[in-house]
Amino acid sequence: MGGLAHYIERAGIATTQISLVREHTEKIKPPRALVVPFELGRPFGAPLEPDFQRRVLLDVLALLERDEGPVLETFPDDPPGTGDAEDGEGWACPVNFGPGLQEADVTEDPLGALTQEMDRLKMWYDLGLKERNGRTTVGISGVPLSDLTAYLTAFIKDEDTAPPRTDIPRERVLKYAIDEMKAYYFEASSAQPGTPSDKELSDWYYGETVAAEILRDINTMCANSADEDLAMMSDRRIFPIHQQHRKRETAERSPHWLAKPKE
Amino acid sequence: MVKVSEFPEELRKKFLARTDMPTFDETPFVKGKPLSERRIALISTGGMHDRADTPFDETSADYRIISKSIDSNDLVMSHISTNYDRLGFQRDINVALPIDRMKELEIEGVIGSLADYHYSFMGATPPEKMEPYVKDMVKLFIKDAVDTVLLCPV
């Protein structure tokens, strides 16, 4: 981001920016930056908090009125709602996915198990859609989500399964499918009671769902693939950096049809 | 948890030690008009675009145009990174691209005006690869009388 500021300012147009990573900004030295103590992905602090967003915005715009630079200031406050995840009584998904309720076994019938889980979330997804006046980030690929999840569950048995789009490389279709499935789960879950943090939702999604079981198997398939583009997927494009430890669980519970891990 | 300071230590060090960042000997600094007279455009690196537009992919160094009048239901993200929160954006675009807050400041006269067009890159791309597109974008800024840019990373 700071590099862009240099290029634009060099062309004679003033810039100011948010910084989410102080260390990077200190290295690049853009003309004006406001370091904020927020999560990656939330440069203005918190959703649905217009007063707080406005404070951050006014502070970053105020840097434009300085006479000399570079300017690096720090926004002092955490966003509203911070700390909910640490109070020990954080959000818990009210849809029970525990043993006994899942009729389909993910090892024997991954698509069936995944479909059951997603069906249980559907009422929350639909409610979320209504509350957001129809806004959803699912659907970017132009492929129905059911086709994408069918592809994901077929992929873990055979990486050469025909993808639902053939006009783009298969690793891109795979990435769309992974991202859209996650968007569905997150949008559904965020409509439920409580205000879950990203950490709470991520811990649930990557730690407790059938979807995560599928993702672990996809990650193993990609890691073991001779296709370099698929192998690259297993680095950080399936599990985020703060959930990388989930990948290690694969070795203990890989389904029988998976290729053996590399020696 | 997706604060960088809360990454596991080893991964945090790796993240902070990125070697693909450009370095600059000097920092340009353009003095300008009072805020109340500035025309401001927003740039995100969140891989945002109109739902009907072409999604970003792992090779994208170019940008997408976001109209000032875009319906928030049509604004989506296709950034390849998994490392940042999207839940906030799913609930309220203004947490990542504060277009409604900027419109309020425009109405109140705090800023001169909000540009008609805004832009998004995908931040996973090395900045050097974006530079040619930035030069193209600057021409658009000039046509739109934009004198100030607010950069919004994710």
Side-chain angles (χ1 to χ4, degrees), chain A residues 1 3-18 20-21 23-24 27-31 39-48 50 53-54 57 60-61 64-65 67-70 133-135 137 140 172 175 183 186-187 190 198-199 201-202 236-237 239-242 244, chain B residues 1-4 7-8 11 15-16 18 21-24 27-32 34-35 38 43 45 51 55 57 72-73 76-78 80 82-92 94-96 98 101-102 105 111 123 127 130-131 134-135 138 141 146-154:
Chain A
M1 187 101 264
L4 296 183
H6 275 267
Y7 302 145
I8 295 167
E9 194 107 3
R10 244 189 238 158
I13 293 173
T15 63
T16 187
Q17 72 166 84
I18 297 289
L20 289 157
V21 186
E23 291 85 347
H24 289 175
K27 186 174 175 189
I28 292 186
K29 298 185 179 65
E39 294 181 40
L40 297 181
R42 299 185 175 196
F44 292 88
L48 307 175
Q53 292 168 359
R54 179 189 171 93
L57 188 54
V60 71
L61 292 174
L64 291 161
E65 302 197 319
D67 291 328
E68 294 180 351
N133 296 316
R135 173 168 164 69
T137 57
I140 295 172
R172 207 171 296 162
K175 178 69 173 149
F186 273 52
E187 289 183 19
S190 67
D198 182 69
K199 178 186 185 310
L201 275 187
S202 294
R236 289 188 201 166
R237 294 185 185 168
F239 286 86
I241 198 168
H242 54 87
Q244 291 284 302
Chain B
M1 180 59 184
V2 287
K3 281 185 185 176
V4 174
F7 279 5
L11 293 172
F15 180 85
L16 294 179
R18 278 181 61 172
M21 291 195 307
T23 54
F24 301 91
T27 298
F29 197 84
V30 178
K31 293 182 187 175
L35 196 53
R38 289 177 185 258
I43 298 179
T45 48
R51 185 182 298 277
D57 61 54
S72 64
N73 291 354
V76 295
M77 277 179 176
S78 58
I80 62 167
T82 55
N83 291 329
Y84 67 90
D85 168 67
R86 298 184 190 209
L87 174 63
F89 175 78
Q90 287 164 355
R91 299 177 72 198
D92 175 10
N94 292 284
V95 73
R101 299 291 85 75
M102 288 294 283
L105 297 183
I111 62 168
M130 298 181 196
E131 187 174 8
V134 172
K135 287 179 177 170
V138 165
F141 289 147
V146 167
D147 52 38
T148 303
V149 169
L150 169 60
L151 297 149
C152 311
V154 293

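The chains referred to below are lettered A, B, ... by the order of the sequence lines, with proteins before strands, and numbering in each begins at 1.
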### Query
Between A:T16, A:T15, A:V60, A:V21, which has the largest tally of heavy atom pairs under 4.5 Å with chain B?
A:T16
### Summary
With chain B, the option among A:A183, A:G134, A:A5, A:P50 that has the most non-hydrogen atom pairs under 4.5 Å is A:P50
### Query
Rounded to the nearest 0.5 Å, what separation is found between the CD1 atom of A:I8 and the CZ atom of B:F141?
5.0 Å
### Query
What's the verdict on side chain to side chain contact (heavy atoms under 4.5 Å, CB included) for A:T137 and B:M77, showing C-alpha distance, side-chain angles and the deciding distance?
CA-CA 7 Å; A:T137 57; B:M77 277 179 176; over 6 Å; no
### B:V149 and A:L4, any side-chain heavy atoms less than 4.5 Å apart
no
### Query
Taking all atoms of both residues into account, what is the closest heavy-atom pair of B:V95 and A:P47, and its distance?
CG2-N, 3.7 Å
### Query
At a heavy-atom separation under 4.5 Å, does B:R91 approach chain A through its side chain, its backbone, both, or neither?
both
### Query
In Å and rounded to the nearest 0.5 Å, what is the CD to NE2 distance from B:E131 to A:H6?
11.5 Å
### Query
At a heavy-atom separation under 4.5 Å, does A:L48 approach chain B through its side chain, its backbone, both, or neither?
both
### Query
Of the non-hydrogen atoms in B:V30 and A:G12, which two are nearest, and what is the gap between them?
CG1-O, 3.7 Å
### Task
Identify which of A:R54, A:R10, A:Q53 forms the greatest number of heavy-atom pairs closer than 4.5 Å to chain B.
A:Q53
### Message
Looking at B:N73 and A:N133, would you say the former's side chain and the latter's main chain have a donor-acceptor pair under 3.5 Å?
### Response
yes
### Query
With sequence neighbours excluded, what pairs up with A:K29 under the side chain to side chain contact (heavy atoms under 4.5 Å, CB included) test?
B:T27
### Task
Count the heavy-atom pairs under 4.5 Å between each of B:D57, B:L151, B:V134 and chain A, then report the option with the highest count.
B:L151
### Task
State, to 0.1 Å, how close B:N94 and A:F44 come at their nearest heavy-atom pair, and which atoms those are.
O-CB, 3.8 Å
### Query
Heavy-atom distance under 4.5 Å between the side chains of B:Q90 and A:F186, does that happen here?
yes
### Task
Using ring-ring contact (aromatic ring centres under 6.0 Å, His included) as the criterion, list what pairs up with B:F89, not counting sequence neighbours.
none
#### Entry: N/O donor-acceptor pair under 3.5 Å between B:D85 side chain and A:G41 backbone
no
### Query
If you count heavy-atom pairs under 4.5 Å between each of B:I80, B:D92, B:D147 and chain A, which one has the most?
B:D92
### Query
Does a side-chain heavy-atom distance below 4.5 Å link B:N83 with A:P240?
yes
## Note on the structure
Scanning both residues in full, the closest heavy-atom pair of A:P43 with B:P153 reads CG-O, 3.1 Å
### Query
Taking side chain as C-beta onward, heavy atoms only, is A:M1 less than 4.5 Å from B:V154?
no
## Note on the structure
With chain B, the option among A:E23, A:K175, A:R172, A:R237 that has the most non-hydrogen atom pairs under 4.5 Å is A:R172
#### Entry: Sub-4.5 Å side-chain heavy-atom contact between B:R38 and A:L61
no
### Message
Is any side-chain heavy atom of B:L87 closer than 4.5 Å to one of A:R42?
### Response
yes
### Task
Go through the atoms of A:E9 and report whether side chain, backbone, both or neither lie under 4.5 Å from a heavy atom of chain B.
both
#### Entry: Heavy-atom pairs under 4.5 Å with chain A, option from B:L35, B:T23, B:I111 with the top count
B:L35
### Task
Please round to the nearest 0.5 Å and tell me the distance separating atom CZ of B:F29 and atom CG of A:D67.
7.5 Å
### Task
Might you point out which heavy atoms bring A:I13 and B:T148 nearest each other, and give the distance in Å?
CG2-N, 3.8 Å
### Task
List the atom of A:G3, the atom of B:P22, and the distance in Å for their closest heavy-atom pair.
CA-CG, 4.5 Å
### Message
I'd like to know which of B:L105, B:L150, B:T45 tops the heavy-atom pair count under 4.5 Å against chain A.
### Response
B:L150
### Message
Does the plane of the ring in B:F24 sit parallel, tilted or perpendicular to the ring in A:Y7? Use 30° and 60° as the thresholds.
### Response
perpendicular
